[in-house]
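In listed order, ligands and their atoms are each counted from 1.
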Amino acid sequence: MALLQISEPGMSAAPHQHKLAIGIDLGTTNSLVATVRSGMSTVLQDQHGHALLPSIVHYGEAQQVIVGHEAKVKQNADPVNTIASVKRLMGRSLKDIVDKAHIPYRFVSPPSDDASQGMVLLDTRAGLKSPVEISAEILKTLKNRAQAALGGELTGAVITVPAYFDDAQRQATKDAARLAGLHVLRLLNEPTAAAVAYGLDNAAEGVYVIYDLGGGTFDVSILHLSKGIFEVLATNGDSALGGDDFDHRIYCWILDQIRDANPSKQPLSEKDTRLLLTKARQAKEWLTENEEAQITCKLSSAYTVDVTLTAAAFVELTENLVRKTLSPMRKAMRDASLDLTDIKGVVLVGGATRMPHVRQAVQDFFQQAPLTNLDPDKVVAIGAAIQANVLAGNRSGDDLLLLDVTPLSLGLETMGGLVEKVIPRNSTLPVARAQDFTTFKDGQTAMSIHVLQGERDLVSACRSLARFELRGIPPMAAGAARIRVTFQVDADGLLSVSAREETKGVEASISVKPSYGLNEDAIIDMLKSSFSEAESDKKARALAEAKVDAMGIISAIHIALEQDGHLLNAVEKEAISKHIKALETALAGEQSRAIHDATAALNTATEAFAAKRMDESVSRALAGKNIDEVNL
Ligand code: ADP
Ligand code: MG
């Protein structure tokens, strides 16, 4: 039994109320949490007014776990138990970590049957810790900060990851969130989050470059925006280049100054190195807004450092670091086959892009001023918060961000082996749409709902996702029953379809994961064939529709002949049955034109019969009644 569509009442939004949702930028150097309150995105601060949480976890005495600024302080004294830049270890096995010599941690390879799936472990005072567990401590701290600030249970979080993160790294990030007791609404690419923060998803279609210079990493991503969806065209970067290298240049410069002033110098202690690196970072950040920086401190040898670094000298010291970012940009542009004129806009991300000479270099490269009006170290968290707010269902209708979408249309089978699309491809998630269908036959009490995915018009050319039956429809004339079928896809892409008969309220439903088993290539193939087969699909749809129409008319005429055949003489009957035969012959073929013509001929041939039936029913109604009683 199949279906016949009768009307399309449009969208029905899922009901919602304001939910607490957060966006988290889980960074290599710093992490942040943001939310949208009264339509405004805000980065949440800790009780000391810090927005940035250093991504550092310290395992202290007596099972104490310290995260952030206080952990950073321990780095010097207890490097083995103070884990920084854990993001670099996410989803990585021991053999993936090439630069072990420069990392002070005690790495351990996990036993082969370990749940960490081969991910490296760190031997700390608190026992063996996986990068997932360490990241979870950072996420927990941010979660607690958010709950304290927002005063309630969180619905969920959007967590950002670099665009180049592979499945293992993404899964590790999700696992960390789960371990921290966070419901992950979505992982979002960092460059996409930055673009969302700038509202580019509402901007003109085109290509945008995201230049992200953080503490220890440089990432460039080229995004193509089309109908609100960002596609990553290319990524490139340098995983060992960031703001820390600028600090290091200043540190080396200070050492030179000390050497010049005090040739008989003593070796620096570890603590001195740490102190000078901190002073160097402060000087670097100061020089972003000032012409010169005074660097003063006392070393363990009681020697006092007191030097002045000008902005011009700093630029000179670090010019080649800035230049080092150009080659990954060129490569990304080449990979995406783009010219500079193709670039609509450039977004700066990462604290290190605050430096004026970095900005200038980007501007010179792209020959346009980059977008800078948001804080570059907060922009990713802000974008994540905006996305979280949407996914939690706090915005509706046209406001929806077209970010994560149904890759293919979802629909159901109707009469003639055709697919009626209920949720079109590229619909933003979550989405809910309802459509009304009716029965095809008189007295039909069950309906088979066949859920399909794809762009083509024919059931045979789409992917079958699920089938279920709605039973218990009260027997009615064909077309009288109203069956509302609702398709709902939640933020994780889980589809549920329900069907409800409106008068008796019988219901049936099913859930499916539409993306399951479909990889990117399969989706692209299905889309390509929908374009290349569009013409033949149109013909097939026309044919199927003509057949459904014709069969409906033949069946109606048979019923009419049974009821009122006495109104016709033999010649008239013969004429009608000749036309029915002609239409049946046309139906056996594949020519929609021929079916149309034969249907039209049958309609004309039965016009007189229809008029006679009308007269007959009017006189039946009028029989024995006085004219006042008749409500014509
Ligand atoms: P990540 O994405 O790696 O976690 P961030 O985006 O937080 O890193 O960037 C951290 C880097 O930004 C550090 O090297 C920090 O010194 C640098 N930074 C922050 N503020 C400034 C500033 N005002 N001027 C120059 N560099 C800055
Ligand atoms: Mg970052």
Side-chain angles (χ1 to χ4, degrees), residues 23-34 43 50-57 67-69 71-72 83-90 135 138-139 142 159-165 169 173 187-195 197 210-221 235 237-251 276-293 309 311 314-315 317-318 321-322 325 347-362 372 374-384:
I24 291 180
D25 172 5
L26 185 60
T28 310
T29 317
N30 295 303
S31 297
L32 295 95
V33 57
V43 174
H50 296 299
L52 272 60
L53 176 76
S55 304
I56 303 176
V57 177
V67 180
H69 294 278
K72 197 172 178 173
I83 319 297
S85 303
V86 66
K87 186 172 177 177
R88 292 182 186 276
L89 308 176
M90 290 291 268
S135 297
I138 300 169
L139 291 171
L142 293 173
I159 299 174
T160 58
V161 289
Y164 59 78
F165 253 27
Q169 292 168 302
T173 307
L187 295 182
L188 185 64
N189 286 335
E190 287 164 12
T192 307
I210 317 295
Y211 177 103
D212 181 349
L213 191 62
T217 53
F218 169 60
D219 299 314
V220 58
S221 313
T235 62
D238 186 337
S239 59
L241 176 65
D244 298 348
D245 298 290
F246 292 71
D247 305 350
H248 200 257
R249 287 285 159 92
I250 298 181
Y251 163 81
L276 286 178
L277 277 172
T278 306
K279 289 286 170 186
R281 182 174 45 77
Q282 287 165 349
K284 172 192 72 177
E285 292 178 5
W286 176 258
L287 286 174
T288 287
E289 310 236 343
N290 301 278
E291 278 311 307
E292 54 178 52
L309 178 64
F314 172 59
V315 168
L317 280 176
T318 54
L321 291 177
V322 178
T325 67
V347 174
L348 292 187
V349 181
T353 63
R354 283 213 165 95
M355 291 182 280
H357 61 313
V358 171
R359 290 187 176 189
Q360 192 58 48
V362 176
T372 54
L374 295 175
D375 272 350
D377 36 20
K378 296 185 182 145
V379 58
V380 167
I382 288 171

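Side-chain atoms of Leu26 and Lys87, non-hydrogen and from C-beta on, never get closer than 4.5 Å to each other. The shortest distance between side-chain heavy atoms of Arg354 and Asp377 falls below 4.5 Å. The shortest distance between side-chain heavy atoms of Arg88 and Ser239 falls below 4.5 Å. You'll find the side chain of Val86 stays beyond 4.5 Å of the side chain of Val57, heavy atoms only.
Environment of NE2 in His248: sparse, with no more than 12 heavy atoms of neighbouring residues, nucleotides or ligands closer than 6.0 Å.
Looking at Glu285 next to ligand 1, an N or O pair under 3.5 Å apart turns up. In terms of polar-atom proximity, Leu52 is not counted as a contact of ligand 1, lacking any N or O under 3.5 Å from an N or O of the ligand. Inclusion of Gly216 in the set of residues having an N or O under 3.5 Å from an N or O of ligand 1 is not warranted.
Short contacts between ligand 1 and Thr29, defined as distances under 4.0 Å to a heavy atom of the residue, involve ligand atoms 1 (P), 3 (O), 4 (O), 8 (O). For ligand 1, the atoms lying closer than 4.0 Å to a non-hydrogen atom of Met355 are 25 (C). Shown in contact with Arg281 at under 4.0 Å from a heavy atom are these atoms of ligand 1, numbered in order with element: 16 (O). Set against the non-hydrogen atoms of Lys284, the atoms of ligand 1 under 4.0 Å away are 13 (C), 14 (O), 15 (C), 16 (O), 17 (C), 26 (N). The contact set between ligand 1 and Gly27, taken as ligand atoms under 4.0 Å from a residue heavy atom, comprises 4 (O). In summary, the atoms of ligand 1 found under 4.0 Å from a heavy atom of Gly350, numbered by their order in the structure, are 6 (O). For ligand 1, the atoms closer than 4.0 angstrom to any heavy atom of Thr28 are 3 (O), 4 (O).
Put simply, the residue from Lys284, Gln282, Lys279 that forms a side-chain hydrogen bond (donor to acceptor under 3.5 Å, both in side chains) with Asp247 is Lys284.
For atom 25 (C) of ligand 1, the nearest non-hydrogen atom of the protein is Thr288 OG1, 3.3 Å. In terms of protein heavy atoms, atom 8 (O) of ligand 1 is closest to Gly215 N, 3.3 Å. Protein heavy atom nearest atom 2 (O) of ligand 1, with residue, atom name and distance: Gly214 CA, 4.0 Å. In terms of protein heavy atoms, atom 5 (P) of ligand 1 is closest to Gly351 N, 3.7 Å.
Evaluated by nearest non-hydrogen atom to atom 7 (O) of ligand 1, the leading choice among Leu287, Thr217, Asn30, Leu53 is Asn30.
Under a 4.0 angstrom heavy-atom cut-off, Gly242 registers as lying outside contact with ligand 1.
Donor-acceptor pairing under 3.5 Å is lacking for the side chains of Thr353 and Tyr211.
Counting heavy atoms closer than 4.0 Å to ligand 1, residue Arg354 contributes side-chain atoms (C-beta onward) but none from N, CA, C or O.
Across all their heavy atoms, Ala194 and Val347 have their closest contact at CB-CG1, 4.2 Å.
A distance of 10.5 Å separates CG in Asp219 from CG in Asn189, rounded to the nearest 0.5 Å. Atoms CG and CG, from Leu321 and Leu241 in turn, are 6.0 Å apart once rounded to the nearest 0.5 Å.
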- May I have the step-by-step check of salt bridge (Lys or Arg N to Asp or Glu O under 4.0 Å) for Lys378 and Asp25, ending in yes or no? CA-CA 8 Å; Lys378 296 185 182 145; Asp25 172 5; over 6 Å; no

